[in-house]
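In what follows, a structure is listed as structure tokens, so that the remarks can point back to it.
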Amino acid sequence: MVAFRAPKGVPDYVPPRSEHLLAVREAMVAPLRLAGYGYLELPVFEDTALFARGVGETTDVVSKEMFTFVDKGDRSITLRPEGTVGAVRAVLEAGLERGALPVKLWYAGPMFRYEQPQSGRQRQFTQVGAEALGSDDPALDAELIALADTAYRSLGLTQTVLHLATLGDPEDRAGYSSRLREWLRPRVGGLDAETDRRIELNPLRVLDDKRPEVRAATADAPLLTDVIGPEAKAHHEAVRRHLTDLGVAFVDDPRLVRGLDYYRRTTFEFIHPLLGAQSTIGAGGRYDGLSEAIDGPPLPGIGWALGVDRTLLALEAEGVLPAEAPRAQVFFVPLGSEAKARSVTLAGELRRAGIAADLAYGDRGMKGAMKAADRSGAAYAVVLGDRDIEAGEAQLKDLREHAQVAVPLDALVETLREKLQ
RNA sequence: GUGGGUGUAGCUCAGUUGGCAGAGCACCGGGUUGUGAUCCCGGUUGUCGCGGGUUCGACCCCCGUCACUCACCCCA
């Protein structure tokens, strides 16, 4: 029993799992760099009103899941529940929308939502996000989706399914909403207060309800797809075509519903079938009205966020975790204090030469130190005792071949450098 | 916020009708004066989540509480 535990819903990652998490993050970023996306470093908290306006007052995220507090200057501050709104704010603050368009950016870091934790859902979680602003070209929609697809593939995931939909333009959505509202009232109205509220404020959300009775009741609800205007429809068809040209497989999902208000036209989710209830490992969409919602100029945009934690869960579920990397290439086994001092020096020299080196600490004795060498994954052990120092040499042992040779001490670094080439 | 499940060694978990708290793994040491991963031998670690109650006696039964976990809601 330890005195302190991490706060509820806040995960620690320790080796070797933390290495896998880092690898996921890097794999998500690599394709973005190859597509001209620049790095954006963002604050993890913002003015509360920014999220309320940008994400939408009626969303669950804003209405009940924000980590909000008042700072010492009496400002209302909120730990970011998602990244897009802050990214757009930063772009506007820096005036990037006046430069070359589109502006393509990525960021990564922790997000915070005050929710009941469960598998794949933590109060603090990490996302890699990408945004492309200043163009409504459907090729950008397809590009971003393809980059996420590439990231998942490069990690070895094969079972991820891309769901694609369009929300149409605001007028399509508004018309459909009122129609759907009328349709829903007699069918699921009165079920509970939350659902009633949702029918009135954001009826599309009801279609996302997972309760069997709601699912059954809404099975043949009218579809948004049927009322999409010609422009949005053309945009959607172009996105589908580009994706097909790029070799990205997807399924059309007319019932796909996103939880944040700023989406319009393209929306998508990457779903992993082995994950249980929280199975969306990445998602995004177009948000052409977001900039105006936070008092900016008209600025179309498309973006996504990939869940780093959930993607790690997916890797574990598919059993495609990368092999553990050795912690050292060379491991010193010093016998005695003089040998310890020489080992510390030599390990330092190797590290400066770009070779991963470690040594046995404490007075472990031969056997224990060799065991530590073995566990480090090192290819070579350097055994160093008084008699070797007197002879001006070290015993260099190849831990895989079980072969050992004496090497002059002043040639050790160079010898290892050659052997590890 | 709501519901189910689980809390025993660092980790994974056994623990019989209520009768001296265990195993495997890990870790440490020895078998080898200076040689690992295999093998053999030995050893360390416990507020049985916490607080009450019942009982001669509670890891076990009862009540409460906390934590973790899965699911709903919602979402990456």
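Naming convention: chains lettered A, B, ... in sequence-line order (proteins, then strands); numbering from 1 in each chain.
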In whole angstroms, the gap separating P of B/rC11 from CG of A/Asp12 amounts to 14 Å
Rounded to whole Å, the CZ-P distance (A/Arg387 to B/rU35) equals 9 Å
Are [X] and [Y] ion-paired here, with the side-chain N under 4.0 Å from a carboxylate O?
X: A/Arg17; Y: A/Glu316; result: yes
X: A/Arg185; Y: A/Glu200; result: yes
X: A/Arg215; Y: A/Asp209; result: no

Is there a donor and acceptor pair closer than 3.5 Å between the side chain of A/Gln404 and the base of B/rU35? yes
What nitrogen or oxygen pairs link the protein and nucleotides 29-32 of chain B at under 3.5 Å?
from	atom 1	to	atom 2	distance (Å)
B/rG31	N7	A/Lys367	NZ	3.4
B/rG31	O6	A/Lys367	NZ	2.7

Sorted by position of nearest nucleotide on RNA chain B, 5' first, the leading residue of A/Arg375 and A/Asp388 is A/Arg375
Residues two or more places apart in sequence or in another chain: which of them pass salt bridge (charged side-chain N to carboxylate O under 4.0 Å, His left out) with [X]?
X: A/Asp149; result: A/Arg153
X: A/Glu143; result: A/Lys104
X: A/Arg205; result: A/Asp60, A/Asp261
X: A/Glu292; result: none

Produce the list of close N/O pairs, under 3.5 Å, pairing protein atoms with atoms of nucleotides 6-8 of chain B; give distances to one decimal.
none

Under the ring-ring contact (aromatic ring centres under 6.0 Å, His included) definition, can you give me all pairs with a residue in [range], not counting sequence neighbours?
range: residues 30-70 of chain A; value: A/Tyr39-A/Trp106, A/Phe67-A/Tyr114
range: residues 322-348 of chain A; value: none
range: residues 115-139 of chain A; value: none

When you compare [N] with [M], how far apart are their [atom1] atoms, in angstrom units rounded to a whole number?
N: B/rG1; M: B/rC13; atom1: P; answer: 28 Å
N: B/rC60; M: B/rG7; atom1: C1'; answer: 14 Å
N: B/rC27; M: B/rC59; atom1: P; answer: 32 Å
N: B/rG30; M: B/rC11; atom1: C1'; answer: 25 Å

In which ranges does RNA chain B form stems of 3 or more consecutive Watson-Crick or G-U pairs, distances under 3.5 Å?
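When the pairs of RNA chain B are grouped into runs of at least three, the stems are B:1-7 with B:66-72, B:10-13 with B:22-25, B:27-31 with B:39-43, B:49-53 with B:61-65.
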Sequence neighbours excluded, the answer for side chain to side chain contact (heavy atoms under 4.5 Å, CB included) partners of A/Leu201 is A/Thr58, A/Arg197
Going 5' to 3' through nucleotides 67-76 of chain B and flagging B where a protein heavy-atom sits under 4.0 Å of the base, S where only the sugar-phosphate is that close, and - otherwise, we get SS-SBBBBBB
